[in-house]
Amino acid sequence: MEERSIAIDGPAGAGKSTLARMVAGHFGLIYVDTGALYRTVGLYVLESGRDTKDAAAVTEMLHTIKIDMHFDADRRQRMTLNGRDVTDLIRTPQASLAAADVSAMPPVRAFLLSMQREMAIRYDIVMDGRDIGTVVLPKAGLKVFITASPEARAQRRFKELVAKNVPATYEEVLRDILLRDKSDTEREVSPLKVAEGAVVLDTTEKSLEECFLWLCKIIEERFGL
Ligand code: DC
């Protein structure tokens, strides 16, 4: 039910998905990552060889795409694209860029909206994205906007890439973050912004543990747990 849902929004790299996954595990909720939906549409367009910025071509392709989101025995979200599991494939930098392009197109957002709302009807969820509290679940029982300075977000992403042996420089990662912020906040449809009634968590100077405890406390208070 929407009123029992937790909506988490914020810019790329602020720690949304890590925190959403942690609180979902703690309270026995299902974590829904909506960025994965946009990534799956982006991958479909990429694989077809069409231009991911061509709104007419992308809109036409929505007639032939079948996206399914389901949860495995460990409650981990898996994505299928026309019957093929693409859970890992959607994580490439190319899929990120394609997702940013297609997410700015109103027909793509409309196409993915009902799938997201159905999740909130079917499960008790923590859902993260850019427009969850503003558009997808405006009546969510708790809305949280998680943010951090671009430099702190770039530093964290850079460390993750180094740990995975992915070649990148801090400057490149920061540039990518700033570009994504610009496209997320300046697009006409469902831009990233703080939802009415949302609580804001700035993670710049806070440890993951501090943020997690803060969120747990707010959830307990809000839902009377
Ligand atoms: O959170 P992410 O990096 O997986 O998101 C991929 C892209 O999709 C990103 O450019 C923002 C966009 N997105 C969106 O517009 N709305 C959402 N609810 C989730 C993601």
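Read the numbers this way: they start at 1 and go in the same order the structure lists the ligands and their atoms.
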Exercise: identify the closest heavy-atom pair between Thr80 and Thr40: O-CG2, 4.5 Å
Could you pull out the closest heavy-atom pair between Lys206 and Cys211, with the gap in Å? CB-SG, 3.7 Å
Option among Thr203, Thr204, Asp181 that satisfies the side chain to side chain donor-acceptor pair (under 3.5 Å) test with Arg153: Asp181
Which atoms of ligand 1 sit under 4.0 Å from any heavy atom of [X]?
X      : value
Ser103 : 12 (C), 15 (O)
Gly129 : 17 (C), 18 (N), 19 (C)
Arg180 : 3 (O), 9 (C), 10 (O)
Asp184 : 10 (O), 11 (C)

Counting non-hydrogen protein atoms only, what is the nearest one to [atom]? Give residue, atom name and distance.
atom                    : result
atom 20 (C) of ligand 1 : Gly35 CA, 3.6 Å
atom 16 (N) of ligand 1 : Arg109 NH2, 3.0 Å
atom 19 (C) of ligand 1 : Thr34 OG1, 3.4 Å
atom 8 (O) of ligand 1  : Tyr38 CB, 3.6 Å
atom 4 (O) of ligand 1  : Arg39 NE, 2.7 Å
atom 10 (O) of ligand 1 : Ala100 CA, 3.3 Å
atom 7 (C) of ligand 1  : Ala99 CB, 3.8 Å
atom 1 (O) of ligand 1  : Arg130 NH1, 3.0 Å

Before you tell me yes or no, could you show the steps for Leu142 and Val199 under side chain to side chain contact (heavy atoms under 4.5 Å, CB included), namely the whole-Å CA-CA distance, both residues' side-chain angles and the distance that decides it to 0.1 Å? CA-CA 8 Å; Leu142 175 64; Val199 286; 4.3 Å; yes
Quick one: are the ring centres of Tyr123 and Phe71 less than 6.0 Å apart? yes
After noting the C-alpha distance and the side-chain angles of Met127 and Ile6, does the key distance pass the side chain to side chain contact (heavy atoms under 4.5 Å, CB included) rule? CA-CA 6 Å; Met127 180 176 271; Ile6 299 171; over 6 Å; no
Asp33 versus ligand 1: do any nitrogen or oxygen atoms come within less than 3.5 Å of each other? no
Side chain or backbone, does Ser96 bring an N or O within less than 3.5 Å of an N or O on ligand 1? no
Between Val194 and Thr147, does a side chain to side chain contact (heavy atoms under 4.5 Å, CB included) hold up when you go through it step by step? CA-CA 10 Å; Val194 180; Thr147 188; over 6 Å; no
Counting only heavy atoms, which portion of [X] has something under 4.0 Å from ligand 1: side chain, backbone, both, or neither?
X      : answer
Met127 : neither
Lys16  : neither
Leu37  : neither

A quick test of your reading: do over 12 heavy atoms of other residues, nucleotides or ligands sit less than 6.0 Å from CD of Glu221? yes
Just wondering, are more than 12 heavy atoms of other shown residues or ligands nearer than 6.0 Å to CZ in Arg91? yes
Verify same cluster id: Leu225, Phe212 (apolar side-chain graph, 4.5 Å): yes
Is the shortest distance from a Lys or Arg side-chain nitrogen in Asp9 or Lys16 to a carboxylate oxygen in the other one below 4.0 Å? no
